[in-house]
Amino acid sequence: MRPTYLEVNLTQLKQNLENIRAKAAPAKVLVVLKANAYGHGVDGVAPFIAPFADYIGVAIVEEGIHLRKMGIATPILVMGGTLPQQLSDFFEYDLTLAASSLDLLTAAEQLAQSTRKRLKVHLKVDTGMERIGVREYEAESLIEKSLSCSHLDMEGIFTHFANSEVMSLQKNMTPLSLQLERFEGILSMYEKRGVPHPRIRHTANSGAILLHPESYYDMVRPGVLFYGVYPGRDVEKTIEVKPALTWRSKVVYSKVTQPGRGVSYGSLWQAEAPTRIVTIPCGYADGYFRRMTNQARVIVNEKEYPQVGRICMDQFMVNAGGDDVKVGDEVILLGGGITAEDLADWTGTNEYEVMTNISARVPRVFTRAVQ
Ligand SMILES: *Cc1c(COP(=O)(O)O)cnc(C)c1O
């Protein structure tokens with residue numbers, strides 16, 4: 001196997017889920033497995049975690065189809081936008097539709113009627129993202145329509161928060177409370193009509209799960225928190241979770257460089273005295289961002305060293321100073337003290353982007369070690 005690989009601790013993921021569930025109970029838990037399970041490798045994560053999840057969330061219909069073809073039987077909600085021409089896939093693979101517009105809902109009802117197949121639907125309302133979904137001031141017609149869709153199973157209704165991880169001294173004055181108020185307004189439209197609301201109301205992503213129990217309703221939707229990473233630096237850690245990733249590699253080359261010899265493309269760095277430079281067989285094509293050049297740090301033989309010179313597509317160099325680092329020595333790029341937050345800082349992005357960009361060229365190895 002390739003010496004550069006991503007070790008994924010499945011036991012830790014399960015522990016994270018259990019800790020989230022303990023806090024959110026009696027709400028159900030939808031585990032978000034979009035974007036290759038936030039880079040962790042959906043082929044290993046999904047079969048392991050599905051038996052413990054009430055629902056699975058993906059972004060696009062193709063991700064749902066992939067899970068069904070793997071044999072995953074748990075209900076799957078496709079949370080993102082869907083084109084009308086993709087609707088037949090929902091019927092074929094028993095996926096739950098996020099009905100985000102009157103047109104989409106109408107098309108789904110027509111298809112259900114003509115194919116005589118039922119489809120599970122969650123109405124998607126937009127309370128403050130201006131992304132997909134119907135705004136609270138135009139939700140009446142969507143709800144009205146949904147009540148007449150006799151061929152669909154109107155199972156859920158949901159919205160998504162724009163600032164759930166934002167801390168505020170006055171908890172009742174957060175941007176989230178405005179979104180919740182709008183969501184409540186939509187739910188009251190059912191009450192006004194004297195009909196029950198859909199049985200699964202859900203709003204809470206990771207930030208809301210940590211900070212806003214009033215947003216749990218019937219189900220919560222942890223993404224980044226399930227993967228053991230907090231959605232923001234100073235968010236209150238009301239649930240204990242730990243990361244499950246260790247990105248490993250091995251030194252493939254070791255040499256002593258001399259002053260006057262630039263290291264890597266652009267010769268951005270050179271040593272001031274004879275210095276050991278080791279090469280790691282991993283680069284930006286693996287998701288080790290080029291933007292981290294001369295800022296990243298790695299662990300070699302349990303000691304931290306700075307990355308130096310331009311990060312290349314397939315390799316990068318590390319300044320091992322005067323230490324005797326040899327070919328074959330163990331390297332850790334993420335984990336063991338180096339966090340997704342560190343990589344995000346060195347890149348100028350967030351932890352989500354770091355994890356989801358570890359490319360398909362990096363093999364995933366699934367372990368069940370207890371940390
Ligand atoms: C991605 C996503 C989530 C999970 O968000 P986290 O911040 O990772 O918890 C929840 N709900 C929806 C609709 C999403 O698209």
Side-chain angles (χ1 to χ4, degrees), residues 13 16-17 19-21 23-24 27-40 42 45-46 49 53-64 67 75-82 95-100 121-134 155-167 174-176 179-180 183 200-213 215-233 235-239 241 243-245 340-341 344 349-357:
L13 290 179
N16 293 343
L17 174 55
N19 295 357
I20 292 166
R21 188 184 284 287
K23 176 97 194 296
K28 295 174 189 294
V29 183
L30 172 147
V31 174
V32 181
L33 296 181
K34 66 189 176 188
N36 197 24
Y38 283 45
H40 290 57
V42 77
V45 174
I49 213 69
D54 300 303
Y55 232 106
I56 288 171
V58 295
I60 59 177
V61 67
E62 290 77 8
E63 292 175 323
L67 289 172
I76 299 173
L77 173 63
V78 178
M79 302 184 295
T82 291
L95 303 169
T96 304
L97 175 71
S100 51
V121 171
H122 288 207
L123 298 177
K124 175 67 198 283
V125 294
D126 175 8
T127 57
M129 278 285 282
E130 294 298 320
R131 200 165 67 177
I132 63 166
V134 166
E155 182 186 59
I157 183 163
F158 74 112
T159 194
H160 190 53
F161 296 128
N163 306 288
S164 65
E165 76 290 354
V166 173
M167 299 279 283
T174 59
L176 181 139
Q179 286 199 255
L180 262 189
F183 190 64
I200 311 180
R201 300 159 298 172
H202 51 108
T203 67
N205 56 1
S206 294
I209 294 168
L210 287 169
L211 302 179
H212 298 281
S215 70
Y216 293 172
Y217 292 97
D218 309 302
M219 185 163 79
V220 297
R221 304 191 305 263
V224 80
L225 198 63
F226 163 65
Y227 299 99
V229 175
Y230 292 91
R233 301 306 163 86
V235 70
E236 202 182 329
K237 296 177 176 157
T238 60
I239 303 174
V241 293
L245 292 183
E341 285 82 354
T349 185
N350 66 3
E351 301 74 22
Y352 296 68
E353 192 177 359
V354 166
M355 294 192 289
T356 56
N357 273 278

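Nothing here was measured: the structure is a model prediction, and the numbers come from that model. Just so you know, ligand 1 is whichever comes first in the structure, and atom 1 is the first atom listed for that ligand.
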Quick one: salt bridge (charged side-chain N to carboxylate O under 4.0 Å, His left out) partners of [X], sequence neighbours excluded?
X      : result
Arg233 : Asp345, Glu351
Glu63  : none
Asp126 : none

**OP:** Please report the closest heavy-atom contact between Ile239 and Leu210, naming both atoms and the distance.
**Re:**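 Closest heavy-atom pair between Ile239 and Leu210: N-CD2, 3.7 Å.
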
Per-pair distances, ligand 1 N/O vs protein N/O, less than 3.5 Å:
residue: ligand 1; atom: 7 (O); partner: Tyr352; partner atom: OH; Å: 2.7
residue: ligand 1; atom: 8 (O); partner: Tyr38; partner atom: OH; Å: 2.6
residue: ligand 1; atom: 8 (O); partner: Val224; partner atom: N; Å: 2.8
residue: ligand 1; atom: 9 (O); partner: Ser206; partner atom: N; Å: 2.8
residue: ligand 1; atom: 9 (O); partner: Ser206; partner atom: OG; Å: 2.5
residue: ligand 1; atom: 9 (O); partner: Gly223; partner atom: N; Å: 2.9
residue: ligand 1; atom: 11 (N); partner: His160; partner atom: ND1; Å: 3.4
residue: ligand 1; atom: 11 (N); partner: Arg221; partner atom: NE; Å: 2.8
residue: ligand 1; atom: 11 (N); partner: Arg221; partner atom: NH2; Å: 3.4
residue: ligand 1; atom: 15 (O); partner: Lys34; partner atom: NZ; Å: 2.7

**OP:** May I ask you to decide if Ser215's main-chain N or O and Thr203's side chain share a donor-acceptor pair within less than 3.5 Å?
**Re:**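 Between the backbone of Ser215 and the side chain of Thr203 there is a qualifying donor-acceptor contact (under 3.5 Å).
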
Original post:
Taking the side chain from Gln179 and the backbone from His160, do they hold a donor-acceptor pair closer than 3.5 Å?
Top reply: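 Here the side-chain-to-backbone pair exists.
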
